[in-house]
Peer 1: 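Dropping the structure in here first, questions after.
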Amino acid sequence: MKAAMGYLAGLLFGLGLAISGMTDPARVLGFLDIAGAWDPTLMFVLGGAVVTTFIGYRLVWRRGAPLVGKAFQLPSRRDIDVRLLGGAALFGIGWGLSGYCPGPAFASIGGLSAPLAAMLVAMLAGWYLARRW
């Protein structure tokens with residue numbers, strides 16, 4: 001049941017990305033182009049995600065335990081270190097250069113292009129290097 005819920009959440013996330021147009025890297029790059037043809041679409045999608053998460057967390061915490069699973073799995077570390085800052089910087093640079101972050105990249109695999117393939121290879125290499133570091 002836990003795996004099925006994970007797949008369902010991933011499907012819902014992918015559908016949301018596709019419906020909002022966030023699988024198109026031009027939208028992301030347009031959002032970053034504040035001096036040119038700025039596209040504010042991403043801001044509204046992120047705002048909707050923040051509102052949904054804010055409400056969702058309040059509802060979930062009232063339950064005390066997850067519907068599927070024994071306990072909530074929360075990160076235990078709260079410190080900010082060089083690895084966290086470096087990873088965040090690499091994520092932002094990769095997102096800005098390619099227009100893809102991991103969710104939209106995986107949701108776009110059906111229309112694989114050379115830039116998307118390069119981003120996916122770089123992301124997998126980054127995961128591999130991070131685990132070995």
Side-chain angles (χ1 to χ4, degrees):
M1 185 66 162
K2 187 176 177 182
M5 296 310 283
Y7 287 122
L8 182 63
L11 178 64
L12 183 61
F13 179 67
L15 284 172
L17 290 172
I19 290 168
S20 67
M22 289 299 114
T23 56
D24 179 8
R27 293 247 181 177
V28 174
L29 296 174
F31 176 75
L32 297 173
D33 186 12
I34 56 174
W38 185 62
D39 180 0
T41 314
L42 179 60
M43 182 173 52
F44 294 110
V45 171
L46 292 174
V50 168
V51 169
T52 303
T53 301
F54 180 83
I55 294 168
Y57 265 84
R58 262 89 199 137
L59 295 173
V60 165
W61 290 133
R62 289 184 186 166
R63 293 192 50 79
L67 290 173
V68 180
K70 295 180 179 155
F72 292 115
Q73 297 179 4
L74 301 171
S76 57
R77 290 185 60 181
R78 296 194 178 269
D79 58 321
I80 297 174
D81 62 1
V82 173
R83 289 185 68 196
L84 176 65
L85 294 175
L90 285 174
F91 175 88
I93 291 167
W95 193 16
L97 289 174
S98 70
Y100 287 109
C101 69
F106 282 117
S108 299
I109 285 179
L112 190 63
S113 63
L116 175 58
M119 182 273 171
L120 290 170
V121 168
M123 183 176 65
L124 292 173
W127 282 344
Y128 174 78
L129 292 172
R131 291 182 80 55
R132 301 209 33 104
W133 183 8

Peer 1: Which pair of heavy atoms, one from S98 and one from P25, lies closest together, and at what distance?
Peer 2: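 That would be O-CB, 3.5 Å.
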
Peer 1: Counting C-beta onward and ignoring hydrogens, is there a side-chain heavy-atom pair between L97 and M119 closer than 4.5 Å?
Peer 2: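 The answer is no; the side chains never approach within 4.5 Å.
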
Peer 1: Which atom names give the shortest non-hydrogen contact between D79 and L84, and what distance separates them?
Peer 2: O-CD2, 4.1 Å

Peer 1: Could you report the tightest heavy-atom contact between L17 and A107, atom names first, then the distance?
Peer 2: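 What the structure gives for the nearest pair is CD1-CB, 4.4 Å.
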
Peer 1: So which atom in S20 and which in V45 form the shortest heavy-atom distance, rounded to 0.1 Å?
Peer 2: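 The answer is CB-CG2, 3.8 Å.
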
Peer 1: Return the set of residues passing ring pair (Phe, Tyr, Trp, His ring centres under 6.0 Å) with F91 (not counting sequence neighbours), or none when no residue passes.
Peer 2: W95

Peer 1: Is F31 close to M22 at the side-chain level, that is, under 4.5 Å between some pair of heavy atoms?
Peer 2: no

Peer 1: Please give me the minimum heavy-atom distance between A105 and L120, naming the atom from each residue.
Peer 2: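 Between these two residues, the closest heavy atoms are CB-CD2, 3.8 Å.
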
Peer 1: CG/D39 to CG/L29 distance, rounded to the nearest 0.5 angstrom?
Peer 2: 10.5 Å

Peer 1: Honestly curious: do L15 and L8 fall in one hydrophobic cluster under the side-chain, below-4.5 Å linking rule?
Peer 2: no

Peer 1: In terms of heavy-atom contacts, does CD1 of I80 have more than 12 from other residues, nucleotides or ligands at under 6.0 Å?
Peer 2: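 Not more than 12 within 6.0 Å, no.
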
Peer 1: Is it the case that one hydrophobic cluster holds both V51 and L46, taking links as side-chain heavy atoms less than 4.5 Å apart, direct or via other members?
Peer 2: no

Peer 1: I need the W38 CH2 to L32 CG distance, nearest 0.5 Å.
Peer 2: 11.0 Å

Peer 1: How far does CG of D24 sit from CG of L42, to the nearest 0.5 angstrom?
Peer 2: 11.5 Å

Peer 1: How far apart are the closest heavy atoms of G111 and L116, and which atoms are they?
Peer 2: O-CD2, 4.4 Å

Peer 1: If you group Ile, Leu, Val, Met, Phe, Trp and Tyr by side-chain heavy-atom gaps below 4.5 Å, do V28 and Y100 land in one group?
Peer 2: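 Different clusters: V28 never reaches Y100 through Ile, Leu, Val, Met, Phe, Trp or Tyr contacts under 4.5 Å.
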
Peer 1: Scan the side chains in residues 53-70 for donor-acceptor partners under 3.5 Å anywhere in the protein, sequence neighbours excluded, and list what turns up.
Peer 2:
{"from": "T53", "atom 1": "OG1", "to": "A49", "atom 2": "O", "distance (Å)": "2.8"}
{"from": "R58", "atom 1": "NH1", "to": "F54", "atom 2": "O", "distance (Å)": "3.4"}

